Each structure stands twice: as C-alpha cells, then as structure tokens.
K.L.:
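Before I ask anything, here is the structure I am working with.
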Amino acid sequence: MDEMISVQTQDFDMAAEYQALLTNSDGTSNSNDGAVVTFVGLVRDYNQGNYVEGLTLEHYPGMTEKALEGIVLQAKQRWPLGKVRVIHRIGKLALSDQIVFVGVTSKHREAAFEATQFIMDYLKNDAPFWKKEVTNIGERWVEAEDKDVKAQQRWDKL
Amino acid sequence: MDEMISVQTQDFDMAAEYQALLTNSDGTSNSNDGAVVTFVGLVRDYNQGNYVEGLTLEHYPGMTEKALEGIVLQAKQRWPLGKVRVIHRIGKLALSDQIVFVGVTSKHREAAFEATQFIMDYLKNDAPFWKKEVTNIGERWVEAEDKDVKAQQRWDKL
Amino acid sequence: MIKVLFFAQLRESLNCDELTINLSSDQAFQSVKTLEQLREQLAKTDENWQSSLANGKLLMAVNQTIVDGSQVLKDGDEVAFFPPVTGG
Amino acid sequence: MIKVLFFAQLRESLNCDELTINLSSDQAFQSVKTLEQLREQLAKTDENWQSSLANGKLLMAVNQTIVDGSQVLKDGDEVAFFPPVTGG
C-alpha cells in the first residue's frame, strides 16, 4: 500500500486504504491533514440502456500506470495535497464489484474534493482502460460518453 | 447505522459506514449505484495560526439534527442520490480524531461528488456546532471563516 | 413563557446557558413583540450583555430554525442566540 | 523496428494484438514518416482495416503518450491505436 498508483486484478480494501491515507510513512498519524475525500466506482446493474451482469476490463500495460501518474502529478501541482492513492482493477468483475478507488488528503476540504474529482474526470478520458460488459443482450464494448469529455474540459476553465 | 443522521460522542468506523452505504435495507447489495463519495474531517495539528492539541465540540441539541436533516433533504432534491449518511461528533476530541463523516451514493459520480461537497459546505455554515480549541497559546473559540460562507454561496449560482 | 438559550463564546461571556421569560408578566419584556426587540431588551441588562449582544454576526433561531430579527415571538417559543457556527 | 499495438474493439475487429514493422526495410512502409502516414498505410491492408482505422475518434499513442498524427516516428517507437477509453 506504499505505492501511490496500483493497477491490479485483486480487490482492494477501502478500510485499509483509508487508514493508509491517515498514516505517515514512519507509521505516525498524519495530523497535518484535516480532510480526506474518497471515491469508489463499482459495477452497477444498468448502463447505456441494458442490464449488466458483469464486465471485463482491458488495459494497456505500462501506459496505464504512466497515464495515472501523470494525472496525479497534475493534481498535486494544482492543489496543496497530502497523500494521494489511486487503484484501478483489471480483468473480470461481477455486479457490485469495486472497480476504482481514489483517495486524497489535504489540509482543507476544498482541495481534497476538487483533486479527487479532477483525478476521476481525467482518468475517465486519458487512462487506457476499456470495459466490455456482459448484458441481457450479450457482450458489448462500453461506449465513451460526451459527458465525460465535458467533465474534463471544465477544469480548463476554472 | 440505519439512521441517516447521527450526532454522537463516540467515534465512527469508516469501513462499517462504507459497507452500509453499499447495502440495501433488506441486506442485499446496492447495485443501482456506481459511485460512492465519502468525506472525513479530522482534528488537524495547526489552525488559524496556532498549534492545536485537541478541541471540544459544543452543539445545540435538537437543532443540530434538524439542521442536518434539512441540508440532506436539500441535497436529495437537487441531485438523484441513493444513500446519504452524515455523522458529526460532539464533546472532547484529540489530535487526529475523526470529527465528521459524509457519505453519498449515486448512479453517477458527478452527483455523488457535488452532493457530498454541498452537504459539507452547508454544514459548515448552518449546523449549530462550535469548536473550542486547546492550542499552544491556551484555549480559544475557533473563528468562523469567510471562505466557508463563499463556499456555500457558490451553490446559489450553479 | 419563552425559553432563551445561549451558546459557545456568547454563553461563556454572559455566563448564562438558558433563561426563561414571561412576555406577558415580566414588566421589562411586556412591550417586546419581535426577536430584535427581545435582543434589545436583553442588551439593557448591563454593559456586558450590551456588548455581547451587539455583535452584528450573532445568529438567532426561533424553534430551532435560523430567522431574522423581524420574527414575531409567541408564547412557548424556544429562542437561541449564538455566534457563527464552526463545526465540520 | 517499431511495435504497433491495438486495443479493445479495434483489436477485436482487426483480430490483431500487435505487429512489428521495419520502417526502413518493409517496402510498403518505406515512405512512412509520421503517425498519420502509418495509419494510412495500415488502412490499405484490406477493407476491414480501412474501415476500422478510419474511425475519427480513434486515439493514437507513441511510447505510451497520446499524440496526434503529425508525430514523426523513429526506430524503436511503440505505437498504439485504440478507441476512446472507458475505465473508471
């Protein structure tokens, strides 16, 4: 859990990740930061008009980590952040499985909120992952959505 | 943990709260919602110019719950939300102790992010809690900050 | 009868948590109709009450809802005065 | 030598994960200088490649960074073509 970025097949433990965000590398508690924001994305039962039974996540090994590191670096340059943790799963996932975790600490809540949302908005457009869903009408690749492009673009204006 | 709002002296367990957000009232897993955002506020070591050793949280019993319920209701009217959970502690707290938890689920990440931030921004201005800090220069009441008023006001414009 | 509550630094500076006023029989309060008039009457207690209640940032609630000074008071109301909140 | 990778629905429609091209010795690719020229040359393979690589939304990366078609290719590059991403 010392790595800032993980791309992995295995599940993650929200409680352990939260504790790690509150702990300094020397084991003492991180009392500089008053705000912790976390985001978890899960496989939900309905998407793009069909019922979903599960999905497979394909990725571009090497580039995925590089893209996520670049996104976290941009967030750290933009806001005064404490710790940042990003986990993205790959491979076969079932309904309600956890897909992605982003956790950010900061002295102030606004920075933690904005950075978490920024990381997710950039991840959705720039990190090379692709979802293939198993639905009630068969397998299909998930379509990228315009709203995700817009969500990323609004950071250019802020 | 079935209550949406809790004002309590005892600590809360992030892992249990997260699990509860993912579980329907009949015990099945909440597979409608693909996004979970949480916020935790903690006692940090430096505030308004001084080192903090701990604090006492005073509140207005009865009104606190009413104010928090009103804030959650506003958030639910504004965004399509799944579950919402708010916990605020009162009484004596030490450095790094957890103060407040807000957790929100939704089908979409944007609603979950915005509602969590909205609830915190409103809580900071409208919920009758007051912090008295023990610092390196003695006890003092925390001063309300203009930036919290501005953080709330921006929701009127959106 | 109305109940008046004070919180945080205001409670400490007045050295008063709570006070009960009978608007119809307590002579000093017989002409009090609104929340603002109640505040003005309470401020007459002494110099300390005067300065403590003069703070323009003070918030006021009636029956656990924040309201402004024009609010008309009625028997049974729970009134509260407090500084800007600092939770979260 | 450059390595060319394909992902997701593009990988499936081409039925190809990866391909190696020698820009200096593979006759068809000798005039390829830029990423866009590489795409155009690959599209000449057959009708399926033509239509699959014509998708205006296709993303291109060189050495694991997304770039546009004007990027000049050099020996040792890792090139990738893929549809808009859908993780998170």
Side-chain angles (χ1 to χ4, degrees), chain A residues 13-19 21-24 28-47 51-54 82 94-110 112-114 116-121 123-124 145 147-148 150-151 154, chain B residues 13-19 21-24 28-47 51-54 82 94-110 112-114 116-121 123-124 145 147-148 150-151 154:
Chain A
D13 176 357
M14 165 67 148
E17 297 302 332
Y18 172 67
Q19 278 313 316
L21 285 169
L22 297 183
T23 309
N24 295 321
T28 59
S29 83
N30 170 12
S31 58
N32 296 140
D33 291 334
V36 184
V37 173
T38 70
F39 174 84
V40 176
L42 307 113
V43 181
R44 73 168 190 284
D45 55 8
Y46 191 81
N47 190 35
Y51 291 97
V52 176
E53 289 152 25
L95 200 60
S96 298
D97 275 359
Q98 300 182 127
I99 302 170
V100 58
F101 174 88
V102 179
V104 173
T105 75
S106 179
K107 292 194 198 314
H108 299 291
R109 75 183 185 286
E110 195 161 78
F113 271 119
E114 292 188 355
T116 309
Q117 201 167 1
F118 175 96
I119 290 168
M120 277 307 302
D121 288 345
L123 183 157
K124 278 271 177 184
E145 299 196 52
K147 68 178 180 188
D148 287 322
K150 288 191 187 116
R154 88 198 154 86
Chain B
D13 175 357
M14 166 66 147
E17 297 302 333
Y18 173 67
Q19 278 312 316
L21 285 169
L22 297 182
T23 309
N24 296 319
T28 58
S29 81
N30 171 10
S31 59
N32 296 138
D33 292 333
V36 184
V37 173
T38 71
F39 174 83
V40 177
L42 307 112
V43 180
R44 74 168 191 278
D45 57 8
Y46 192 81
N47 189 36
Y51 292 96
V52 176
E53 289 153 23
L95 200 61
S96 298
D97 276 358
Q98 301 181 126
I99 303 170
V100 58
F101 174 87
V102 179
V104 173
T105 75
S106 178
K107 291 196 198 313
H108 300 290
R109 75 183 185 287
E110 194 160 80
F113 272 119
E114 292 189 354
T116 308
Q117 202 167 1
F118 174 96
I119 290 168
M120 277 308 302
D121 288 346
L123 183 157
K124 278 271 177 184
E145 300 196 53
K147 67 178 180 188
D148 286 323
K150 288 192 187 115
R154 86 197 155 88

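Labels below follow one simple rule: chain letters A, B, ... track the order of the sequence lines, proteins then strands, and each chain is numbered from 1. Keep in mind that the numbers below use all heavy atoms, side chains included, and drop hydrogens, waters and symmetry copies. A quick note: this is a predicted structure, and the numbers were derived from the prediction, not measured.
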K.L.:
For Lys107(B) and Arg44(A), work out which heavy atoms get closest and say how close.
P.N.:
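What the structure gives for the nearest pair is O-NH1, 3.5 Å.
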
K.L.:
If you count heavy-atom pairs under 4.5 Å between each of Lys124(B), Gln19(B), Glu114(B) and chain A, which one has the most?
P.N.:
Lys124(B)

K.L.:
What is the distance from atom CG of Asp148(B) to atom CE of Met120(B), rounded to the nearest 0.5 Å?
P.N.:
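So the gap between those two atoms works out to 8.5 Å.
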
K.L.:
Using heavy-atom distances under 4.5 Å, tell me whether Asp121(B) contacts chain A through its side chain, its backbone, both, or neither.
P.N.:
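Interface part for Asp121(B): both.
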
K.L.:
As an exercise, state the distance from NZ of Lys147(A) to CD of Glu110(B), rounded to the nearest 0.5 Å.
P.N.:
8.5 Å

K.L.:
Can you tell which of Val43(A), Asn47(A), Val40(A), Val102(A) has the highest number of heavy-atom pairs within less than 4.5 Å of chain B?
P.N.:
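Max contact count across the listed options: Val40(A).
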
K.L.:
Looking only at heavy atoms and a cut-off of under 4.5 Å, which of Ile99(A), Val37(A), Asn32(A), Val100(A) has the most pairs with chain B?
P.N.:
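Most heavy-atom pairs within the cutoff with chain B belong to Asn32(A).
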
K.L.:
Under 4.5 Å from any heavy atom of chain B, what part of Phe39(A) do you find: side chain, backbone, both or neither?
P.N.:
both

K.L.:
Select, from Ser29(B), Ala151(B), Ala35(B), the one with the greatest count of heavy-atom pairs under 4.5 Å involving chain A.
P.N.:
Ala35(B)

K.L.:
Roughly how far, to the nearest 0.5 Å, is the OH atom of Tyr18(B) from the OG1 atom of Thr23(B)?
P.N.:
10.0 Å

K.L.:
Please classify the contact of Thr105(A) with chain B as side chain, backbone, both or neither, using a heavy-atom distance under 4.5 Å.
P.N.:
neither

K.L.:
Where on Leu22(A) is there a heavy atom nearer than 4.5 Å to chain B: the side chain, the backbone, both, or neither?
P.N.:
side chain

K.L.:
Would you mind telling me which of Gly34(B), Gly103(B), Ala112(B) has the largest number of heavy-atom pairs within less than 4.5 Å of chain A?
P.N.:
Gly34(B)

K.L.:
If you count heavy-atom pairs under 4.5 Å between each of Thr116(B), Asp45(B), Val52(B), Asn30(B) and chain A, which one has the most?
P.N.:
Asp45(B)

K.L.:
Would you compute the distance between atom OG1 of Thr38(B) and atom CE of Met14(A) and round it to the nearest 0.5 angstrom?
P.N.:
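Between Thr38(B) OG1 and Met14(A) CE, I get 4.0 Å after rounding to 0.5 Å.
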
K.L.:
Please state whether the side chain, the backbone, both or neither of Asp33(B) comes within less than 4.5 Å of a heavy atom of chain A.
P.N.:
backbone

K.L.:
Taking all heavy atoms of Leu95(A) and all of Ser31(B), pick out the closest pair and write down the distance.
P.N.:
CG-CB, 4.0 Å

K.L.:
Between Gln98(B) and chain A, with a heavy-atom cut-off of 4.5 Å, which part of the residue counts as in contact: side chain, backbone, both or neither?
P.N.:
side chain

K.L.:
As an exercise, state the distance from CZ of Phe118(A) to CZ of Arg154(A), rounded to the nearest 0.5 Å.
P.N.:
10.5 Å

